[in-house]
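In listed order, ligands and their atoms are each counted from 1.
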Amino acid sequence: MISFNFKRFWLFSIVVVLGLILFFAVEGTLVGEEGMYPISEINRLDLQALGFEISAKDIYNPQGISLIQAIVQVGGCTGSFVSPQGLIVTNHHCAYRAVQAVSTREHDYIRNGFLAPSLKDEILAPGLTVRITVGYWDVTNEVLKVLKPGMEAAERAKAVEHRIKELVAQAEAEHPGQRAEVAEMFPGKSYVMFLYDYLKDIRLVYVPPRSIGEFGGEVDNWMWPRHTGDFSFLRAYVAPGGKPAEYSPENVPYQPKNYLRLNPRGVKEGDRVFILGYPGRTYRHRTSYFLEFEEEIRMPFVVNWYDWQIKLMDKMGEKDRGVALKHLSRIKGLSNTMKNYRGKLLGLKRINLVAKKREEEEKLQNFINSSPELRSKYGDVLVQINQLFHKNRQTAYRELILDYLRRDVLLLNTALTLWDASGEREKPDLERKSAYMDRNFPLTKRRLELSLRNYYEPTDKAIFKELLRKATQLPPDQRIKELDFILGGDKEKWEAEADNFLQILYARTKLTTWTDVGLALEKNREELEKINDPALELAQRLYPAYERLENERKKRKGQMDDLLARLIEVKQKFLGQEFIPDANRTLRLTFGRIKGYSPADAIYYRPFTTLRGVLEKSTGKPPFDTPSQLLELIKAQDYGSFRVDSLGSVPVCMLYDMDTTGGNSGSPIMDASGRLVGINFDRAFEATINDFAWSESYSRSIGVDMRYVLWVTEKIGRVERILEELGFSPTK
Ligand code: ASP
């Protein structure tokens with residue numbers, strides 16, 4: 001019989017408790033962390049204690065050389081300098097639009113890849129620009145001082161916007177040649193000025209074929225296990241004296257202040273890694289009302305709408321590669337967002353996020369109600385946010401239709417831009433909408449030019465018609481009255497009316513080529529009116545609807561900013577901690593470890609994929625149509641110096657628990673001492689919900705291993721000059 005021994009029991013308990021404490025202490029250091037740290041917060045981190053061999057100063061040092069000088073924002077993505085000659089590595093999908101823009105039926109760089117055998121063969125990557133963070137300073141007081149008690153919400157938003165423009169103009173005047181941007185860190189609460197070097201001549205160097213760079217396509221997108229070689233090499237150029245300049249054949253490679261060194265031996269499971277990059281947007285500090293709106297209204301609308309457009313564009317390009325090429329990057333962008341939203345919608349249900357947030361908010365409200373002082377300052381915050389979203393729900397579909405009419409109908413986008421430009425360009429610079437200010441207008445023009453290259457009338461017309469159909473389904477009090485002249489007559493006959501209208505519009509307009517649009521962009525309102533183009537007439541008719549919408553949004557932003565600022569304030573009091581601001585396209589640090597995860601019961605995902613998986617997935621048909629040369633190399637086990645014994649093959653992609661989002665695409669993954677080991681390009685499906693709520697258990701991001709990048713560059717691209725530039729000597 002077992003007799004109960006008190007002494008032994010206590011001894012046993014103490015040992016167990018001590019063991020647990022030790023376990024959690026060790027495990028604690030292994031756990032990844034939520035957090036996209038702004039560079040202003042890096043100093044607070046003891047990186048060495050976290051297992052890194054570098055210090056915060058090695059990352060950002062205003063007085064000397066540091067890693068951030070090697071990090072670039074390129075287009076909407078991140079990249080890094082990897083040579084003293086301005087060579088940049090980023091994702092294949094970040095260069096995609098530019099590659100599409102220079103591709104033709106005869107020179108299909110999407111299908112075949114692009115390779116410049118020498119410097120002089122590197123061609124302009126249209127539409128890409130590069131920014132490098134040079135410094136930052138807080139401008140909160142400078143911004144908020146324009147707010148006066150009793151100001152109306154819209155007036156507040158306008159005053160802040162105007163003040164920011166003034167501060168930017170001032171900063172750019174003090175730092176000629178550089179670009180300044182004010183970032184809203186916490187809405188309505190804190191603002192930081194960032195100063196950037198800004199490079200405008202970016203060229204393509206080496207882009208692998210789609211069958212490597214986009215291997216797995218939409219089937220594998222947002223998924224693990226992954227085998228995508230999502231990388232490309234670009235180069236920044238400047239004028240011969242070193243000044244940033246628009247493209248010119250005389251330009252020379254840019255010499256960055258710093259560039260990343262490679263660690264060709266890579267990392268292994270459990271190793272410390274970090275990322276510096278430009279994450280786009282997260283919404284972790286928003287309320288349950290925001291999430292509910294996203295879950296019930298906005299995201300389902302977008303998913304449906306994108307799905308419809310993708311099907312249309314796929315069909316349009318079925319028989320003609322030239323037509324297909326025009327649609328490729330739009331399809332890619334739409335599909336990417338659509339799958340991301342589907343992941344988010346599932347994730348919201350899976351983790352019951354709205355209900356969880358509600359519970360937190362209830363606790364917060366109780367805390368507020370517990371003190372008369374707190375109640376008078378914050379008592380109305382949650383109620384008012386709820387009311388704003390309630391109101392927003394009434395107008396949401398109308399707003400979405402107006403937004404997508406402007407965004408997705410290229411003809412309308414062009415005409416509205418022209419109409420806007422002619423009005424705005426007559427105002428003093430600081431009074432204009434941002435896209436038409438002198439500092440931004442060249443980019444606005446370039447974007448328009450690029451979008452017109454993808455214009456295809458049948459697609460454009462069909463998109464227009466479908467949005468008109470959606471407009472007919474709006475409740476009567478939400479109807480867009482500016483469209484009455486097409487849709488206002490007999491409800492049954494709207495389709496015939498719309499067809500008729502679109503037929504004439506598209507047949508008569510001239511605003512579909514850059515030659516005509518470029519010329520029209522130089523004209524003032526009066527001159528534009530004289531052109532007598534039906535698309536411009538339409539823009540003129542619709543314009544008041546957009547003006548009203550913009551004012552409405554300014555008002556909403558003014559109200560919301562004030563509420564969100566107060567919400568953050570009281571939340572910090574309640575939880576007794578400071579928060580890291582949501583991602584906002586500014587430079588951030590995130591760190592973690594190479595680590596697998598369990599997406600579902602009984603499944604565990606290991607953190608590396610290998611060439612074996614490329615072979616297993618290859619079917620010969622897109623998106624798994626691996627080039628035969630690559631298959632041969634795998635079969636011959638021609639791994640060069642990249643074979644990893646523990647994997648028995650070359651690693652292809654990797655998984656880690658760092659905190660990333662869109663915009664982090666192309667970010668360098670660095671090892672504990674700051675050497676480049678991979679390029680971030682995606683997240684696992686469960687991690688699409690990251691943007692709303694991060695969790696150690698499911699938040700995993702995906703990167704391509706530099707060993708695969710080098711292997712492809714050496715064995716498939718055979719671009720020795722790049723390998724040399726990277727300081728890597730190829731194996732024979
Ligand atoms: N592939 C992603 C993107 O859409 C990267 C991410 O969101 O994690 O940019």
Set of residues satisfying side chain to side chain contact (heavy atoms under 4.5 Å, CB included) with respect to V102, sequence neighbours excluded: Y109, I123, P126, L204
Ring centroid separation Y698 to Y597 under 6.0 Å: no
Output field: ring centroids F52/F274 closer than 6.0 Å: yes
Aromatic ring proximity Y306/F301, centre distance under 6.0 Å: no
Pair H93 and F681, ring centroids less than 6.0 Å apart: no
Distance-minimising heavy-atom pair for R606 and W224: O-NE1, 3.0 Å
Sub-4.0 Å heavy-atom environment of ligand 1, residues by chain: H93, W222, N336, T661, G662, S665, F681, D682, R683
